[in-house]
*Asks:* 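Pasting a structure below so you can have a look.
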Number of protein chains: 2
Amino acid sequence: MLKNAEFTNKLRSSGLRPTKQRLKICEVLFNRDHTFHFTINDLAKNISRELNEKISLATVYNTVHAFKKKGYLKEISINSDKSYFDTNTTNHHHFFDEDTNELIDCDDKIIETPKIKKNILGKKINSVEVLVKVATDNQNQK
Amino acid sequence: MLKNAEFTNKLRSSGLRPTKQRLKICEVLFNRDHTFHFTINDLAKNISRELNEKISLATVYNTVHAFKKKGYLKEISINSDKSYFDTNTTNHHHFFDEDTNELIDCDDKIIETPKIKKNILGKKINSVEVLVKVATDNQNQK
DNA sequence: CAACAGTTTAGAATAATTATAATATATTAT
DNA sequence: ATAATATATTATAATTATTCTAAACTGTTG
């Protein structure tokens, strides 16, 4: 459970002013036991529910994007209809349950990190991530 | 280079009426040498350019979704701002060039298909796909 | 505390996608 | 073939996610 002062430092050290709103968003995002996958709307709702306070949706957008740029959040692309973000910013893999739309993080103890046999573009490899889609047998190719 | 009659059969055999519009869209999508990655807007533009004929945007949306449901197209989620579709419906991997936004298909000769060490949900595995993001060194974590 | 740069805000604007409902077309039964 | 029906197409409106705008506000620096 990080304190306000720690978030203040974290923000300041990356060149972001520690405003009231940003500190509250830090609390909601980073004072958790586990990885948090969310849309910006989810987050805005969580803020008003958990903190009983409203932060303008535009600010939530601004902040999430600022945090992403600073590497505190990572954007996930599974569904293309909405943007999801992830508090787990390490290189990791996912299981995606097509029945429930649940997304589960895992590391290379669960899913092997694959070898790139030929780096066809010759550029620097920034990430190698695996997505495994699962569903109850029969139907569900959506 | 498939013919109209072949597309007609293909459509009819999957329970889709072979309408003028669908046949034209088949031509644009499937009479190609290589995999085609596109947004619905791209496709609509291609239709009016290549075939010199306009198909209502709503029809293009309907058709692409119908084709996806029938397994003729696959939806890709790399960027979350738009929906991309792919004529390569096999299980395959991707390189994504963050400098140019180019997406390149490849199979397990280029990128190894990873092993799932533990199927944590115990459900049927529908796909295992790898995404490798590359960019010119330095900057570019976007 | 004054001055300035950076931030927040409500609401407008934009862009992608989906819904609507009238018209048109393909299929089927006659 | 033709009529009846079921399905598609279309233009347009509606919806949804996201970004933009410009005025008011807040944090920081001197």
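Each chain gets a letter, A, B and so on, in the order the sequences are listed, and its residues count up from 1.
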*Asks:* Considering only heavy atoms of chain A and a distance under 4.0 Å, specify the first and last nucleotide of DNA chain C in 5' to 3' order that meet this criterion.
*Replies:* C:dA5 to C:dA10
*Asks:* Just by distance, no angles: are the side chains of A:D105 and A:H34 close enough, under 3.5 Å, to form a donor-acceptor pair?
*Replies:* no
*Asks:* In Å, rounded to the nearest 0.5 Å, how long is the span from CD of A:E6 to NZ of A:K10?
*Replies:* 10.0 Å
*Asks:* How are the rings of B:H65 and B:F85 set to each other: parallel, tilted or perpendicular (split at 30° and 60°)?
*Replies:* perpendicular
*Asks:* Classify the angle between the aromatic ring planes of B:F7 and B:F30 as parallel (below 30°), tilted (30 to 60°) or perpendicular (above 60°).
*Replies:* tilted
*Asks:* Say you draw a straight line from CG of B:N41 to OH of B:Y61; how long is it, rounded to the nearest 0.5 Å?
*Replies:* 6.0 Å
*Asks:* To the closest 0.5 Å, what do you measure between CG (A:L121) and NZ (A:K123)?
*Replies:* 6.5 Å
*Asks:* From B:K74 NZ over to B:D86 CG, what is the distance, rounded to the nearest 0.5 angstrom?
*Replies:* 7.0 Å
*Asks:* Whether A:Y61 contacts D:dT18 is assessed here as follows: a side-chain N or O lying under 4.0 Å from the phosphate OP1 or OP2. Is that the case?
*Replies:* yes
*Asks:* Would you compute the distance between atom CZ of B:F96 and atom CD of B:E102 and round it to the nearest 0.5 angstrom?
*Replies:* 9.5 Å
*Asks:* Find the distance A:K45:NZ to D:dT16:P and express it as a whole number of Å.
*Replies:* 12 Å
*Asks:* Given atom CZ of A:R22 and atom C1' of D:dC25, what is their separation to the nearest angstrom?
*Replies:* 14 Å
*Asks:* On DNA chain D, does the nearest nucleotide to B:A58 precede the nearest nucleotide to B:R17 from the 5' side, or the other way round? Give the residue.
*Replies:* B:R17
*Asks:* Could you state the atom-to-atom distance from CG of A:L57 to P of D:dT18 in whole Å?
*Replies:* 9 Å
*Asks:* Which part of the nucleic acid does B:I55 contact within heavy-atom distance under 4.0 Å: base, sugar-phosphate only, or nothing?
*Replies:* sugar-phosphate
*Asks:* Using a heavy-atom cut-off of 4.0 Å across all strands, would you classify B:T59 as base, sugar-phosphate, or nothing?
*Replies:* base
*Asks:* I want to confirm an ordering. Mapping B:R12 and B:T39 to their closest nucleotides on DNA chain C, which one lands closer to the 5' end?
*Replies:* B:T39
*Asks:* Would you say a side-chain N or O of A:Q21 is under 4.0 Å from OP1 or OP2 of D:dC25?
*Replies:* no
*Asks:* Where each residue is assigned the nucleotide of DNA chain C containing its nearest heavy atom, which of B:K20 and B:F85 is assigned the position nearer the 5′ end?
*Replies:* B:F85
*Asks:* For the helix from C:dC1-D:dG30 to C:dT30-D:dA1, how many degrees between its two end axes (five pairs per end), to the nearest 10°?
*Replies:* 30°
*Asks:* Between atom CZ of B:R49 and atom CG of B:D42, what is the distance when rounded to the nearest 0.5 Å?
*Replies:* 9.5 Å
